[in-house]
Amino acid sequence: MIVTGIEEISRSRSRIYLDESFAFVLYRGELRLYDIREGKELEEEAYRRIMEEVLPKRATLRCMNLLKSRAYTEEQLREKLRQGMYPETCADLALEYVKSYHYVDDRRYAEEYIENQREKKSRRVIEQDLSRKGLAKELIEEAFGTKEEQGSVPDEYALALKWVQKKHFDAETADFKEKQKMAAFLYRKGIGSDAIKKALTID
């Protein structure tokens, strides 16, 4: 493989291109260590060490540092590593490591998210949130199944009543148009039709 480009990102880091394609990002000291120069061939052993040792270790440390502040899903961590321009194979190795120690556990993340959000959001909204975080539909359903057994899922009627009260809505004095407007608001919050009708006493 020939080093066809070295593009400086900052004073300490550079993008490295091999055979006209982006390969990875290295620090200035690593360029010297592996004798990486434009137009020069990169030795196979140097490439192996970079891809199997240097970058996976750095990616793992990046994941660990992120996880110190809050929980992440596997996909969220993968996106962080993409933003850091880590090769996909190096990201795979880093994620394999943090998953092996359960530092990242998407099922646990989903269950904890449901528990933390059940008094604020409807099931539909929570499902959408988890899906956006990269969790598979099957895993989300399994997590909800577990939380249902524990009695820790959103109570849509209670949520509807809370939002009705917050809006200072009086179902007894409201006319049909006002009830329709409130019903549309609750639907956007993910509340099902039965809970909406009960909360607004719509026959």
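Note that the structure is predicted; figures quoted are calculated from it, not measured. Residue numbers start at 1 and run along the sequence shown.
No side-chain N or O of K162 forms a donor-acceptor pair with one of Y157 less than 3.5 Å apart. Neither side chain, E156 nor S122, offers a donor N or O lying under 3.5 Å from an acceptor on the other. A side-chain N or O of K147 and one of Q150 form a donor-acceptor pair less than 3.5 Å apart.
Cluster membership for Y17 and M85, using ILVMFWY side-chain heavy atoms within less than 4.5 angstrom, is shared.
By the 6.0 Å contact criterion, CD on E119 is open, its count of non-hydrogen atoms from other residues, nucleotides or ligands being 12 or less.
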Full working for salt bridge (charged side-chain N to carboxylate O under 4.0 Å, His left out) between E178 and K181: CA-CA 5 Å; E178 290 170 333; K181 184 178 179 180; over 6 Å; no

side-chain contact (heavy atoms from CB on, under 4.5 Å) evaluation trace for R58 with Y27: CA-CA 11 Å; R58 188 171 296 153; Y27 286 98; 3.5 Å; yes

Chi angles and distances behind the salt bridge (charged side-chain N to carboxylate O under 4.0 Å, His left out) call for E142, R107: CA-CA 8 Å; E142 289 173 4; R107 173 65 177 271; 3.3 Å; yes

Salt bridge (charged side-chain N to carboxylate O under 4.0 Å, His left out) evaluation trace for E44 with R49: CA-CA 9 Å; E44 285 187 15; R49 287 187 63 189; over 6 Å; no

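Considering every non-hydrogen atom in both C63 and V98, the closest pair reads CB-CG1, 4.0 Å. Taking each heavy atom of D129 and K121 in turn, the nearest pair found is OD2-NZ, 2.8 Å. Nearest heavy-atom pair across T73 and D106 is CA-OD1, 3.4 Å.
Distance alone, capped at 3.5 Å, places no donor-acceptor pair between the E79 side chain and the Q76 backbone. R13 places no side-chain N or O within 3.5 Å of a backbone atom of V25 that could act as its donor or acceptor partner. Judged by distance alone, the side chain of E111 and the main-chain N or O of R108 form no donor-acceptor pair under 3.5 Å. Using a distance-only test at 3.5 Å, with no hydrogens or angles considered, no donor-acceptor pair links the side chain of R123 to the main chain of F144. K137 contributes no side-chain N or O that, together with a main-chain N or O of E127, makes up a donor-acceptor pair within less than 3.5 Å.
The side-chain tip of R124 points at the ring of Y187 from less than 6.0 angstrom away and within 45° of straight on. Both tests do not hold together for R32 against Y34: distance to the six-membered ring centre under 6.0 Å, angle to the ring axis within 45°.
Among the candidates R132, R82, K80, K133, the single residue satisfying the salt bridge (charged side-chain N to carboxylate O under 4.0 Å, His left out) test with E75 is R82.
One distance of note links CZ of R37 with CG of L31; it measures 11.5 Å at 0.5 Å rounding.
Between I36 and I50, the closest side-chain pair of non-hydrogen atoms falls below 4.5 Å.
Between Y103 and Y101, the ring planes lie parallel to each other; the angle is under 30°, not in the 30° to 60° tilted range. The aromatic rings of Y47 and F24 lie tilted to each other, with the angle between the two planes from 30° to 60°.
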